[in-house]
Amino acid sequence: MSPGLVFVLLCALASVTAAEDRPRCPRGFLEHGSSCYWFSNIEGSFAEASSYCQFFGSHLARITSEDEDDYLRSRANEEKGSIGYWLGATDLIKEGEFMWEGGVPLNYTNWAPGEPNNEMHPEQSGHCLMLQMTTGYKWNDNDCIKKTKFICERKVSMCCCKH
Ligand SMILES: [Ca+2]
Ligand SMILES: [Ca+2]
C-alpha cells in the first residue's frame, strides 16, 4: 500500500471516529456557534489589532446577531480585563455609516446610549467600533489610535485533514 493511500485512509478514519473530539478552534480561541474567538492579551490601535488578527488567520470580530453579541459581551464582562475590545467595523469611508471589514453594512447593532457620537475628547474622533467596559461592553465609536485589547474571529475548522 502506498504511503499516500495510507494517509488518505487514516484521514478518512479520523474523520469518522474522532472528528467530534478534535479541537475545531486554534489553541487559545474560544468556540461558540460556527466561530472561534480570541480575546487578545495584548493591546493595540485598531490597525494594529486588525494586523494581529490577520496574522492568526482571522479578522477582527464581526457581531451579526444578538446571540453572538450576548456571548462576546458576557465573556468580556467575565474577564473585565480591558477598558474596551476592538471589533472589525469603522465609519472611516463615510462619517456615520459604520461597515464591517469588506464594506458589509451593520444589520445588527447594540450601541450604548448616546452612541455613536463621533467623539470622545476634543481632539479625537470616533471612527472605530469598540466594546466599552463602562457600558457593560455595549458598542461605542472610539478613536482608532487608542490602544486597547481586541477580539479576533475565524470560522471553526470542520476537519483535521487538509492537503
Ligand atoms: Ca465617526
Ligand atoms: Ca463614541
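Along the sequence shown, residues are numbered consecutively beginning with 1. Remember, it's 1-based here, ligands and their atoms both numbered in the order they're listed.
Between Glu153 and Arg62 no salt bridge is recorded (no basic side-chain N to carboxylate O distance below 4.0 Å). A salt bridge is defined here as a Lys NZ or Arg NE, NH1 or NH2 lying under 4.0 Å from an Asp or Glu carboxylate O, and Arg73 with Asp70 meets this definition.
Rounded to 10 degrees, the OD1-metal-O angle spanning Asn117 and Asp141 at the Ca ion (ligand 2) equals 130°. Angle OD1(Asp91) to the Ca ion (ligand 1) to OD1(Asn118), rounded to 10°: 150°. The OE1 atom of Glu115, the Ca ion (ligand 2) and the OD1 atom of Asn140 define an angle of 70° (nearest 10 degrees).
Between Leu129 and Trp86, the shortest heavy-atom contact is O-CE3, 3.4 Å.
Side-chain contact annotation: Tyr137 with Glu79, donor-acceptor N/O pair under 3.5 Å absent.
Among the atoms of Gly126, an N, O or S atom is found under 3.0 Å from the Ca ion (ligand 1).
A ring-centre distance under 6.0 Å is found for Tyr85 and Phe39.
Residue-level check: among N/O/S atoms of His127, ND1 sits closest to the Ca ion (ligand 1).
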